[in-house]
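The sequence lines fix the lettering, A, B, ..., with proteins before strands; numbering per chain opens at 1.
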Protein chains: 2
Amino acid sequence: MTVYTASTTAPVNIATLKYWGKRDKTLNLPTNSSISVTLAQEDLRTLTSVATSADFKSDNLWLNGKEEGIKGERTIACLKDLRKLRKELEDSDSSLPKLSEWGLHIVSENNFPTAAGLASSAAGFAALVVAIAKLYKLPQLMSEISKIARKGSGSACRSLFGGYVAWEMGDLENGEDSKAVEVAPLEHWPSMKAAILVVSDDKKDTPSTTGMQSTVATSDLFQHRILEVVPKRFEEMKKTILERDFEKFGELTMKDSNSFHAVCLDSYPPIFYLNDTSKKIIKLVHKLNEQEGKIIAAYTFDAGPNAVIYYEEKNENKVLGLIYKYFKLVPGWDKVSNQVVDFEDSAIEFDTDAYKGVSRIILTKIGSGPQETSQTLVNEQGLPK
Amino acid sequence: MTVYTASTTAPVNIATLKYWGKRDKTLNLPTNSSISVTLAQEDLRTLTSVATSADFKSDNLWLNGKEEGIKGERTIACLKDLRKLRKELEDSDSSLPKLSEWGLHIVSENNFPTAAGLASSAAGFAALVVAIAKLYKLPQLMSEISKIARKGSGSACRSLFGGYVAWEMGDLENGEDSKAVEVAPLEHWPSMKAAILVVSDDKKDTPSTTGMQSTVATSDLFQHRILEVVPKRFEEMKKTILERDFEKFGELTMKDSNSFHAVCLDSYPPIFYLNDTSKKIIKLVHKLNEQEGKIIAAYTFDAGPNAVIYYEEKNENKVLGLIYKYFKLVPGWDKVSNQVVDFEDSAIEFDTDAYKGVSRIILTKIGSGPQETSQTLVNEQGLPK
């Protein structure tokens, strides 16, 4: 029995210009373009191995050690698209094995606990699509492949690139122009770092797909956001990245996070993702920037209370020093430097109990796109190790 | 020594279509029209007595038993306008005493604790302006007088009427057309009741004048709110009042509260008035309306975390019964009926600790405008009793 295998890792990305709203739910076509920073895979990544063989009669999926099967229609849509591209190759070269007709085994693991509350679907679908594209030896460029990942989970398309990434919304009905593109590679501005404060929350958030649909249908302010605010901000933010202008980049990032949460609140019934701890962190960042007289740290919040704080490496002592001062009791500080620990910030007053609302901190930085890896999660029979 | 005196009470009003944004800070001219319900003065009112005499050489103000003096430029502006109207009377009838030239003593008291965190400036300025207008025997209609109260505190102009009140923004630069008008009197729809949950808050809110200026200057969504959303909602809400359509009135009230807090959040830095307890109350109201299959309760929040819940008297057992179930341990339930206490709502699940974030409840209803009163706070010498 010949078993063909491939493995890849794929990163998490955190949007600085938010994706919120679908114009087509099945194809995951957005109502606005978005921008993200890809995070380092040493801290946050999905590893996915895929295997196929003429003996595999059906598809199967194992996630974090558990057999899940292929249930979701989004996963099925991705597999269908990937098989179609493989079929085109096979039709043009009859010497190729007919992988497109065989069952697929997909084995996937995250290097971070799901309990961290970080959206893992972006990294997950990116890894799944890229691993199969490699297995199938598809010649398409990453932007083309990103359209398939997009059907799995909208923001997954942005995880197909490292560095600074845009998802261009496109305007075709079939979604063929709604894809991820690189704004700038990691190397262009490698000093971008990120501290993620994982905020504890007792309530279950509105799932983002449900939330988006509600905002599109009910918010009176939403149309203004997507038609007027975001298109302008999209061009401005790309420019700040190309110019490595952290002050402006940070300001736009914070404003867009607030704008996104504002249209959530303007939905009916209102949707709340920020809690009192999130708000305290927002205020702390504004106090820091105010003290410095310029923006050296920028928060952003996805569809949940976790704070992602972007900053440049040169300001690490100031930014992390302040966060350490008030959140040193939460886990995650193992790799922090002595300079950060010893940093003294005297002027800023802050709620000394705020750390109680935070369960851990993840210290990370900008990172690269999906990587080939010699690690594999499948054995020679194409089953999970 | 002849001392002339007059006394009045004036009510609190709570907006159902929010005033947020000034187009002229000195004249308190708003960027949008607003609508409010005037609340019953047996629960919440300011009582103000004024006295004047040829022997009073200067103006003075006593507030809740404490001599404050006339310090605020807004108070000074109100006194100046009132004296000008009195002067016109005196000029046209030389037999009138020259009250406009004499000092004014103003003595004012609220029947509710300032600690309740309820904006008392509206009732306060309304009572001050109406008391002096009575003292001066001004012939102007309440809408005219409301323009003077508006200069004291924007929303004070709406406290010059009972029942359902609109503040028409006007468009003249001098503000002469920016005034309160009656949408419908108390008697038109007298069954409107209100429960105010006073929410504890450890942080100091952004003062509303500062907050408004920040929103006008920085929120990208704000212009859409004032130019597109509110003008339409203003007409719709007046219609729902005239038709006594609580379902639609309640929906518009909740949506406008959310829209107002959304543009606060979209300000830069963002402004937060709702806290986690406010959000829990919002969810509870939506759950109740969902269970009933129609809107029988509507929340609204001003520039702070306190919830005002409007409902119709016929639904008191359902609405107050549910609130009582989860907030019975907070003070303020003295006058509640047995039917409310015994009301059992089995289906709705809610955070049983939420009451810990609430310091008291105030049960009240729609009320009338400023009232003449035989009560007085000044003695025969025109000094505080």
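- Near-neighbour residues of residues 254-261 of chain B relative to chain A, defined by a heavy atom under 4.5 Å from a heavy atom of that chain, comprise B:Met254, B:Lys255, B:Asn258, B:Ser259, B:His261.
- Contact count versus chain B (heavy atoms, under 4.5 Å) is highest, among A:Leu221, A:Asp276, A:Asp266, A:Val229, for A:Asp276.
- Ring-centre distance between A:Tyr268 and B:His286: below the 6.0 Å cut-off.
- Along residues 316-326 of chain B, no residue comes nearer than 4.5 angstrom to chain A, judged on non-hydrogen atoms.
- Between chain B and the options A:Val263, A:Ile282, A:Leu265, A:Asp220, the largest number of non-hydrogen pairs under 4.5 Å is found for A:Leu265.
- Atoms CD and CD, on B:Gln223 and A:Glu228 in that order, are 11.5 Å from each other to the nearest 0.5 Å.
- Residue B:Glu290 qualifies as open at atom CD: its count of foreign heavy atoms under 6.0 Å is 12 or below.
- With a threshold of 4.5 angstrom between heavy atoms, B:Glu251 approaches chain A through its backbone and through its side chain.
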